[in-house]
Trainee: 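Okay, here's the structure, questions in a sec.
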Number of protein chains: 2
Amino acid sequence: MADSTIIQRCEAKGLRMTDQRRIVARVIGAADDHPDVEELYARASAVDPKISLATVYRTVKLFEEAGILERLEFGDGRARYEDAERDHHDHLIDVTTGQVIEFIDQEIEDLQEKIAARLGYKLIGHRLELLAVPVAKPSKT
Amino acid sequence: MADSTIIQRCEAKGLRMTDQRRIVARVIGAADDHPDVEELYARASAVDPKISLATVYRTVKLFEEAGILERLEFGDGRARYEDAERDHHDHLIDVTTGQVIEFIDQEIEDLQEKIAARLGYKLIGHRLELLAVPVAKPSKT
DNA sequence: ATAGTTGCAAACACTTTGCCGTTGT
DNA sequence: ACAACGGCAAAGTGTTTGCAACTAT
């Protein structure tokens, strides 16, 4: 189940697929940013104006528990979701703009496993966010 | 201001020091775990039974904004605080028990800077939590 | 047919805030 | 003295839930 859509993976897991769930699935699948629930609701509402916020919350939670979505928290108190099936990556947050940049670095992945092992643990996941400022423009200094 | 107490750093920054703030400062300084605000409130209440939860919230926020404390979020919806002056470290969370283990690894710190630089950014901070399970006991596999 | 789902509004958990009497400097 | 602070309870967020009507299988 490598390159399947969110909807296909839902079906594969036997989740009952309603119109609302399909809409939420599509909205997330189409997103290339990291929308919070309110934003998913706004995008879903554009497709079906009578979908409710509660349904969006229930749906993302369901999908998350099914391992289809991954919940992210960037420290602003709102949960964000992304397709769990996408290639693993971490996030760099531009603190000047709030922009989120995805990246992968195998070296850092390996290092994390090594650190966990050193502490007597087996790594099952991690959260890594780099907070940074652009290095380009500003005047001197 | 390397090895100073939280209270000393508050004074150095010119914060008005009340009894309540001193209590919160001491409670955090004495903690070797990662208490959430409710827990800080419980510990502070043991010293001064009439301190209010609102004051604890106001105080940790004030201290955080002064750069004296660091706010942590382990994904359970509650903010946790620790002394920002302690040596930098990251956290490994034992998902079977919720226990939090602190660690430092210079290699991973350097790598993060390198990654940020590669993306055109200057690293100003990061959040890293490893989620892991103990590797010892279990039977065969 | 029927167990699961939805929308709505009410309930929640955590955190912030307005008001007013109190306190640090 | 007086701006800043603390306690209280009320208000705010983001998220969850009870319920009656609806829908996928």
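A note on names: the letters A, B, ... follow the listed sequences, proteins ahead of strands, and every chain is numbered from 1.
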Trainee: Output the rounded distance in Å from CZ (A:Arg22) to P (C:dT6).
Mentor: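 Value for this atom pair: 11 Å.
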Trainee: Quick check: on DNA chain C, is the nucleotide nearest A:Ile51 upstream (toward 5') of the one nearest B:Arg16, or the reverse? Name the residue that is more 5'.
Mentor: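 Closer to the 5' end of DNA chain C: A:Ile51.
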Trainee: With a 4.0 Å cut-off on heavy atoms, is B:Arg78 in touch with a base, just the backbone sugar-phosphate, or nothing at all?
Mentor: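 Counting heavy atoms under 4.0 Å across all strands, the contact made by B:Arg78 is with sugar-phosphate only.
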Trainee: Looking only at side-chain N and O atoms, does B:Lys61 come under 4.0 Å of OP1 or OP2 in C:dT16?
Mentor: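 Yes, within the criterion.
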Trainee: Do A:Arg78 and A:Glu38 sit within salt-bridge range, that is, some charged N less than 4.0 Å from a carboxylate O?
Mentor: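 Salt bridge: no.
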Trainee: Starting at CG of B:Asp76 and ending at C1' of D:dG14, how long is that distance when rounded to a whole Å?
Mentor: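 B:Asp76 atom CG is separated from D:dG14 atom C1' by 15 Å.
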Trainee: Would you call A:Asp33-A:Arg80 a salt bridge at under 4.0 Å N-O?
Mentor: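 So A:Asp33 does not pair with A:Arg80 through a salt bridge.
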Trainee: Looking only at N and O atoms, is any donor in the side chain of A:Arg58 or the base of C:dG7 less than 3.5 Å from an acceptor on the other one?
Mentor: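 Yes, the side chain and the base share a sub-3.5 Å donor-acceptor pair.
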Trainee: How close or far is atom P of D:dT15 from atom CG of A:Asp36, stated in whole angstroms?
Mentor: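 Atom CG in A:Asp36 sits about 7 Å away from atom P in D:dT15.
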Trainee: Using OP1 and OP2 only, check whether a side-chain N or O of A:Thr55 sits under 4.0 Å from C:dG7.
Mentor: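 Yes, such a contact exists.
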Trainee: Measure NZ/A:Lys13 against C1'/D:dT25 and give the value in whole Å, please.
Mentor: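 For the pair A:Lys13 NZ and D:dT25 C1', the rounded distance is 20 Å.
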Trainee: Please state whether the phosphate of C:dG4, meaning OP1 or OP2, lies under 4.0 angstrom from any side-chain nitrogen or oxygen of A:Thr18.
Mentor: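 Answer no for this pair, as no side-chain N or O of A:Thr18 is under 4.0 Å from OP1 or OP2.
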Trainee: If the cut-off is 4.0 Å, is B:Tyr57 near the phosphate of C:dT15, judged by side-chain N/O to OP1 or OP2?
Mentor: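 Yes, because at least one side-chain N or O of B:Tyr57 sits under 4.0 Å from OP1 or OP2 of C:dT15.
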Trainee: Could you state the atom-to-atom distance from CZ of A:Arg21 to C1' of C:dG7 in whole Å?
Mentor: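 Nearest whole value for this atom pair: 14 Å.
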Trainee: Choosing from C:dT15, D:dT17, C:dT16, which nucleotide comes nearest the side chain of B:Val37?
Mentor: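 So the side chain of B:Val37 is nearest to C:dT15.
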Trainee: Measuring to OP1 and OP2 of D:dT23, would you say a side-chain N or O of A:Gln20 lies under 4.0 angstrom away?
Mentor: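 Indeed not, no polar side-chain atom of A:Gln20 lies that close.
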Trainee: Measure CG/B:Asp19 against C1'/C:dT22 and give the value in whole Å, please.
Mentor: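 These atoms are roughly 12 Å apart.
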Trainee: Check B:Asp105 with A:Lys114, please: is the shortest side-chain N to carboxylate O separation under 4.0 Å?
Mentor: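 Judged by the 4.0 Å cut-off on N to carboxylate O distance, A:Lys114 and B:Asp105 do not form a salt bridge.
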Trainee: Which one of A:Asp90, A:Leu130, A:Leu128 satisfies the side chain to side chain contact (heavy atoms under 4.5 Å, CB included) criterion with B:Leu128?
Mentor: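 Considering A:Asp90, A:Leu130, A:Leu128, a side chain to side chain contact (heavy atoms under 4.5 Å, CB included) with B:Leu128 is found only for A:Leu128.
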Trainee: Distance check needed: D:dA21 C1' versus A:Lys50 NZ, whole Å only.
Mentor: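 To the nearest whole Å, that distance equals 15 Å.
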Trainee: Are A:Asp48 and A:Arg22 close enough for a salt bridge, meaning some N to O gap below 4.0 Å?
Mentor: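 No salt bridge links A:Asp48 with A:Arg22.
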Trainee: Between atom CG in A:Leu62 and atom C1' in D:dT16, what is the gap in whole Å?
Mentor: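 My rounded result for the distance is 14 Å.
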Trainee: Which sits closer to the 5' end of DNA chain C, A:Ser52 or B:Leu15, going by the nucleotide each is nearest to?
Mentor: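 Final value for this comparison: A:Ser52.
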